[in-house]
Amino acid sequence: PLPGGVIRVYQRDQDGSLRLTGEDRVRHTPANDTVRVAVGAAFDLTAERRQTDHRQVNPRVMEQAFEITLTNQKREAVDVTVVEHAWGAWEVVESSHKWRKKDANTLEFGVRVPAGRSTTVTYRLRITLPGERGG
């Protein structure tokens, strides 16, 4: 278990001293539960998301395509987790990167972005809408 309160995150500087990188407040958390800590925005990492396609395959099925461009202005490569949300009965039919289904409405991409470069994640979802219920 983790008691509620302020969590501070520190990072070693080049000279070995600790530097505060951010802090967040968390609620009381039971043992084995997940805690997410937001420690601030990174000004040298950016993401731009856009929908590149929307197509109605038939009255109950649609496809949507997206691209997320990640830009890293740091001097070292970074690992980024891209979190996307989907609804309904969905499946990924194309993807430029490995992904995992986190839960019924969430998929995640783990992406390594080289120093001073951009990486683009693309994917296409097929969404099946629920049918009419008859009585």
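Basis for what follows: all heavy atoms, side chains included, without hydrogens, waters or symmetry-related copies. Since the model is a prediction, treat every value here as computed from it, not as a measurement.
No side-chain heavy atom of V57 sits under 4.5 Å from any side-chain heavy atom of M62. Side-chain contact between L107 and W90 is present, with at least one heavy-atom pair separated by less than 4.5 Å. The side-chain heavy atoms of K74 and V113, taken from C-beta on, include no pair separated by under 4.5 Å. Between V82 and E108, the closest side-chain pair of non-hydrogen atoms is not below 4.5 Å. The shortest distance between side-chain heavy atoms of V92 and W99 falls below 4.5 Å. Here the side chains of Q73 and L45 are not in contact, with every heavy-atom distance at 4.5 Å or above. The shortest side-chain heavy-atom distance between S95 and T122 does not fall under the 4.5 Å cut-off. In this structure, F109 and S96 have side chains that are not in contact, with every pair of non-hydrogen atoms separated by 4.5 Å or more.
Linking Ile, Leu, Val, Met, Phe, Trp and Tyr residues whenever their side-chain heavy atoms come within less than 4.5 Å places L125 and L129 in a single cluster. Linking Ile, Leu, Val, Met, Phe, Trp and Tyr residues whenever their side-chain heavy atoms come within less than 4.5 Å leaves V37 and V83 in two separate clusters.
The only member of K101, H85, R100 that meets side chain to side chain contact (heavy atoms under 4.5 Å, CB included) when paired with T106 is H85.
Taking all atoms of both residues into account, the shortest heavy-atom contact from T119 to P114 is OG1-CD, 3.6 Å.
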Taking it one step at a time, do R124 and D53 satisfy side chain to side chain contact (heavy atoms under 4.5 Å, CB included)? CA-CA 9 Å; R124 178 177 293 274; D53 192 24; 3.0 Å; yes
Determine, stepwise, if the pair R27 / V35 fulfils side chain to side chain contact (heavy atoms under 4.5 Å, CB included). CA-CA 9 Å; R27 294 183 171 177; V35 175; over 6 Å; no
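Enclosure of atom CG in N32 is not indicated, since only 12 or fewer non-hydrogen atoms of other residues, nucleotides or ligands lie within 6.0 angstrom. The neighbour count for R117 CZ, taken as heavy atoms of other residues, nucleotides or ligands under 6.0 Å away, does not exceed 12. Other residues, nucleotides and ligands contribute at most 12 non-hydrogen atoms within 6.0 Å of the CD atom of E48.
Under the side-chain contact (heavy atoms from CB on, under 4.5 Å) criterion, A47 pairs with I68, L70, not counting sequence neighbours.
Looking only at distances, a side-chain donor or acceptor of H28 sits under 3.5 Å from a matching main-chain atom of G4.
The CD atom of Q64 lies 9.5 Å from the CD atom of Q56; values are rounded to the nearest 0.5 Å.
Between the side chains of T69 and T120, a donor-acceptor pair is found at a separation under 3.5 Å. Side-chain atoms of E67 and Y123 include no donor-acceptor pair closer than 3.5 Å.
With Y10 as the aromatic partner, R19 does not meet the cation-pi criteria of under 6.0 angstrom to the ring centre and within 45 degrees of the ring axis.
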